[in-house]
Amino acid sequence: MEQLLAALDASWRVLLVGTLLGAGLPVLFSLGVKSVAWGVGGEAEQHLRGVVPKPHLAGRLLAYLIFTLVVLIVLAGIGFIAAHGLGWTISFDAAGLKFSHK
Amino acid sequence: MVIVVLTALAFDFTNGFHDTANAMATSIATKALSPKAAVTLCAVLNLVGAFLSVEVALTVTTAVIRIQNPDGSLRPELLADGGFNILLILLAGLAGAIIWNILTWLWGLPSSSSHALFGGLVGATIAGLGFDQVKWLGEGAHLDGVIGKVVLPALASPFIALVVSAIGTKLVFWVTREVATRYRETGFRWGQIGTASLMSLSHGTNDAQKTMGMVTLALLACGEWTDLHSIPLWVKVACALAIAAGTYIGGWRIIRTMGHGLVSVSSPQGMVAEASSAAVILTSSQLGFALSTTHVATGSILGTGIGIGAKVRWEVAVRMVVAWLTTLPLAGLVGAALYGIGRLIGGPPGAAAVFLVMAAAAGYMYWHSRKDKISHENVADIDWDDDEDDEPWPVAAAAGPDDDLAEDEAALVAVGALGRDPREAD
């Protein structure tokens, strides 16, 4: 029974953080795709016949910003795996990231 | 001893090709990567990942069986016979896991390689040391034992992954609703490559470690290695190469099931699936609630279908779940049977017999698979529905979790028939 509760406890934590990262990252990426489409205009966006959307510089800049952020998050993920493999544990608390060696 | 090492490497190899699908199936299905490029990328990252994991994985067996002390050393009373019994248990456990891995590959079903390994070990331990040497339940609130480390995570993981990816898919499609479909597909392919790479890397760090632990354990058992805090370099290199080679060969059958069988994924869905799998796996391993990559990846793919209300082939999902439920007991049964054979013949010839039985079974199943080859050439092109239209699937999934071997053989025949459908469709 205690095992079951422990598993449930772990489950909702994984669900919470997983949703934040696992759903958040693709949503961020999709915002990037959305802004690049807005930035490029034309056939990238859904439009009515004859009304071709104009390109927007701001959209492209915003897209670059978002994609850079996504790449950084992914790199952080890889760094996390590498650090974990090298015997480091990284924990999150109020003070931010905490590194500790096993 | 040599046989145990070879068998462990063979297990690592099957682990590699079994799990390529988890990371790469959706990228291949959406043609974000060509099949060859996908497995190459995945293999390289698995290799890198395997080397990244220098953490000592000696305690791999402690979750389910009691042959090791908490510090990783083997219990001295078990080494009285020169470690032969331990070696035979490890050997039978690994061989049982390999047979189950190849069998599920033949059926095109993704099943957890670590469950197969645990199952094989549990079976061989029951046969060799008795029922009470298996750690069934953890103590207190610390998740451990067969229940805490295997059964509960297996029940939870698909649901967690499913919810995460369903939410992700819904939001992603809502955000990009005004972007032209073709443009959206192209954009998300890049995202897919990134997230799939992340999955491959984490797979390499997690799974290669298990085999390294097993090989080192075998070395400890026969006194070839005594250091409990490191792993011989040659073991590391051999395991990394074995898992990368297995990945490169590619379990095309499983890739096909994962990429086309459950949901016909588009590239935004593929990216969400990979991202949520990677996030769930990384989070869970950080929290000590290690979830099986296979279960998480499957749940994620299902979630992307549910998130946008796409057609989900539930009959495929149900068959997978049956495979998951049966992995532990059946791999255990095979492990126990192999241990029995080894014990009966006794000595090195017994170990050789176990190895030969495993090799023969693997060879037979490989030969069987040639009849309807699925390779990198046709994996992305076969349309799942083609072979479904006039010939509904045999309901092999009816077998319950507690089915015995006879029922399972019936299931094998039934699912074997399914495996031949694509060729007939051609």
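Numbers restart at 1 for each chain; the letters A, B, ... are given by sequence-line order, proteins then strands.
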For this session: Check each atom of B:Phe188 against the heavy atoms of chain A and say whether the ones under 4.5 Å are side chain, backbone, both or neither.
Result: both
For this session: Quick one: which of A:Leu25, A:Val71, A:Val70, A:Val27 has the most heavy-atom pairs under 4.5 Å with chain B, could you say?
Result: A:Val27
Seminar exercise, completed: Interatomic distance, CD1@B:Ile160 vs CG@A:Leu15, rounded to 0.5 Å, equals 6.0 Å
Exercise. Crowded around B:Phe159 CZ? As in, over 12 foreign heavy atoms under 6.0 Å?
Worked result: no
For this session: Would you give the length of the straight line joining atom CG of A:Leu31 to atom CG of B:Leu171, rounded to the nearest 0.5 angstrom?
Result: 9.5 Å
Exercise. About how many Å separate CZ of A:Phe67 and CH2 of B:Trp190, when rounded to the nearest 0.5 Å?
Worked result: 11.5 Å
Exercise. Do you know which of A:Gly24, A:Gly18, A:Ser30 has the most heavy-atom pairs under 4.5 Å to chain B?
Worked result: A:Ser30
